[in-house]
Each structure stands twice: as C-alpha cells, then as structure tokens.
Amino acid sequence: MYTCSFTGHRPEYFEFRYNEDDTRCAAVKVALRRWIRSACDMGCRRFMTGCALGVDMWAAEAVIEISRDIKDIELVAVIPFKGHDSKWSDEQKIRYERMLSCCGKVLTLTDRYSKGAFYARDRYMVDNADMLIAVYNREKGHSGTGYTVRYAIGNDKPIIIIDPETLEETKINIELG
C-alpha cells in the first residue's frame, strides 16, 4: 500500500491568509482534491497529515471527503507533540477534533514541545511516505514547508508542488513503484 503525506505553508504566509472563501484558497483546495484522487489512482491508500492549520487541515478534509467514494483509504494524523493545538481558537480546535475523529490512526510523536518537534514530524512524514503533496511557494523557502520539500527531494520522493500564489503545479519524480 502506498502512502502520501502533505506539507504546506501556514495560512498567514498566503496572500489570502485564513480567508477560505477567497477564490485562491478555493483553487488550492480543488488542486489538493485533484492530486489526492490522482494519488489514489496511482495506488495510494494511506494519507498522512501533520495536523497544522491550513494545508494540513484542508488536505485531511479532502481525504475525508474522497473516502466517501473510495472506501479503502485511510487518514493518519501525525501530531508533533501533545497539546500542539493549545493556542488555537475554539473554532479551530473543534475543526481539528472533527478531523481527528475521522482518522484511522493518530500518532503523537512526543509528549512535549521541543525546538525540533515540527522538523521531527516532517521527517517522519517524508520517511514513511511514498510521495508528498506540497502547497509551497519557493520564495518562502526558509519555512518548515521548504525544509520538508528539500528533505523529500534529498530522499528521492515523488513530489507534487502546488504554488499557492500562481497555482502552478510542478511534478518531481512522480512515477510510483
């Protein structure tokens, strides 16, 4: 069974920020759904989300939606540390808990925050995936998303990159198997 992980900038890095009604945000979500379906067509049946706000949540929700049609796919939550959502709004926490309730597996990598907790989560997701779907703008390359994309490239993982500003899509080493 193939596994696909997600990475992406937090919404504060996008021009549309947290406005999910913005047409650019809607276009990113459409691209995510399309690539998740394509990953399913390539044999992916397990999808891992890093449980961050924005792209991770949108991708997880797309997997949940697609699982209504494709019954044998699984969503796995990879939480960097216990309480990583402690500073989120009540609305964000409710959405997060709803997403977690749909996961076939929930992994919490460590009991407490550490400086490298997010990078450890990102490496885990790349190391345990056969491909990566990234919502990534190269101009913001010094981000956790940039780190994850570079780590995946260094490990010869197939990657789909969706640029959130231009909506340009780049495929790197996309053949699975």
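Residue numbers count from 1 along this sequence.
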message: Under a 3.5 Å distance rule, please check whether K157 uses its side chain to pair with a backbone N or O of L132 as donor and acceptor.
response: no
- prompt: Less than 4.5 Å apart, any side-chain heavy atom of L107 and any of I79?
  reply: no
- request: Search all heavy atoms of L100 against all heavy atoms of C51 and return the closest pair with its distance.
  value: CD2-SG, 4.4 Å
message: Closer than 3.5 angstrom, by distance alone: can the side chain of S67 be matched with the main-chain N or O of I70 as a donor-acceptor pair?
response: no
- prompt: Can we say R37 and D69 salt-bridge, meaning some charged N sits less than 4.0 Å from an Asp/Glu carboxylate O?
  reply: yes
query: Counting only N and O atoms by type, is there a donor-acceptor contact under 3.5 Å from the side chain of T3 to the main-chain atoms of A129?
result: no
- prompt: Given the rule in the side chain to side chain contact (heavy atoms under 4.5 Å, CB included) test, do L32 and I162 qualify, once you have shown the distances and angles that lead to the verdict?
  reply: CA-CA 8 Å; L32 280 168; I162 303 163; 4.3 Å; yes
For D127, all residues meeting salt bridge (charged side-chain N to carboxylate O under 4.0 Å, His left out), sequence neighbours excluded: none
field: Side chains of Y96 and L53 in contact at under 4.5 Å (non-hydrogen atoms)
entry: no
- request: Would you check, one step at a time, whether the test side chain to side chain contact (heavy atoms under 4.5 Å, CB included) holds for M48 with N128?
  value: CA-CA 9 Å; M48 290 192 293; N128 291 281; 3.8 Å; yes
message: Under a 3.5 Å cutoff, is there a donor and acceptor pairing between the side chains of Y147 and R123?
response: yes
- request: Using the salt bridge (charged side-chain N to carboxylate O under 4.0 Å, His left out) rule, take R95 and E61 through it: C-alpha gap first, then chi angles, then the decisive distance, then the call.
  value: CA-CA 10 Å; R95 189 174 182 180; E61 290 169 344; 2.6 Å; yes
Contact check, side chains of N173 and I159, non-hydrogen atoms, under 4.5 Å: no
query: Is V63 linked to V78 within one hydrophobic cluster, defined over Ile, Leu, Val, Met, Phe, Trp and Tyr using a side-chain heavy-atom separation of less than 4.5 Å?
result: no
message: Contact between R121 and Y124 at the side-chain level, heavy atoms closer than 4.5 Å - yes or no?
response: no
- prompt: Are I133 and V55 co-members of a hydrophobic cluster defined by side-chain heavy atoms under 4.5 Å apart?
  reply: yes
- prompt: Judged by atom type as modelled, is there a donor-acceptor pair below 3.5 Å linking the side chain of R45 to the main-chain atoms of C40?
  reply: yes
- request: Could you label the plane-to-plane angle of the H84 and W88 rings as parallel, tilted or perpendicular, counting under 30° as parallel and over 60° as perpendicular?
  value: perpendicular
hydrophobic_cluster_shared for F16 and V135, side chain cutoff 4.5 Å: yes
query: At their closest point, which heavy atom of Y136 faces which heavy atom of I161, and how far apart are they?
result: O-CG2, 3.7 Å
- prompt: Any sub-3.5 Å donor-acceptor pair from R33's side-chain atoms to A62's backbone N or O?
  reply: no
- prompt: Got a sec: does the CG of D90 have more than 12 other heavy atoms crowding it under 6.0 Å?
  reply: no
message: To the closest 0.5 Å, what do you measure between CG (L109) and NZ (K82)?
response: 12.0 Å
message: Does T148 form a side chain to side chain contact (heavy atoms under 4.5 Å, CB included) with M125? I'd like the steps, not just the answer.
response: CA-CA 9 Å; T148 306; M125 290 181 53; over 6 Å; no
query: Do NZ/NE/NH1/NH2 and the carboxylate oxygens of R24 and E165 come within less than 4.0 Å?
result: no
Cluster overlap F47 with M131, hydrophobic side-chain contacts below 4.5 Å: yes
task: Give the minimum heavy-atom separation between C25 and N19, together with the two atoms involved.
output: CB-O, 3.7 Å
- request: Please report the C-alpha distance between L75 and I64 in whole Å, then the side-chain angles of each, then the deciding distance to 0.1 Å, and finally whether the side chain to side chain contact (heavy atoms under 4.5 Å, CB included) criterion is met.
  value: CA-CA 7 Å; L75 180 61; I64 293 164; 3.8 Å; yes
statement: Correct closest heavy-atom pair for V149 and A134 would be CG2-CB, 3.7 Å
SG on C44 to CZ on R46, rounded to 0.5 Å: 10.0 Å
query: With sequence neighbours left out, what residues match K93 under salt bridge (charged side-chain N to carboxylate O under 4.0 Å, His left out)?
result: none
task: Verify, without hydrogens or angle tests, whether H9 (side chain) and N137 (backbone) share a donor-acceptor contact under 3.5 angstrom.
output: yes
Test item: M57 and Q92 side chains (from C-beta on) under 4.5 Å apart, heavy atoms: no
Over all atoms of both residues, closest heavy-atom pair of A27 and L167: CB-CD1, 3.3 Å
message: Are I66 and W58 linked, directly or through intermediate hydrophobic residues, by side-chain heavy-atom contacts shorter than 4.5 Å (ILVMFWY only)?
response: yes
query: Does E97 reach the main-chain N or O of I94 with its side chain, forming a donor-acceptor pair under 3.5 Å?
result: no
- prompt: Who else is in F118's hydrophobic cluster (ILVMFWY, side-chain heavy atoms under 4.5 Å, direct or via others)?
  reply: F81, Y113
message: So does D56 get a backbone contact from the side chain of T49, meaning a donor-acceptor N/O pair under 3.5 Å?
response: yes
- request: Would you indicate whether E91, at its atom CD, is surrounded by more than 12 heavy atoms from other residues, nucleotides or ligands within a distance under 6.0 Å?
  value: no
field: Closest contact, heavy atoms only, D122 versus G144
entry: OD2-O, 3.8 Å
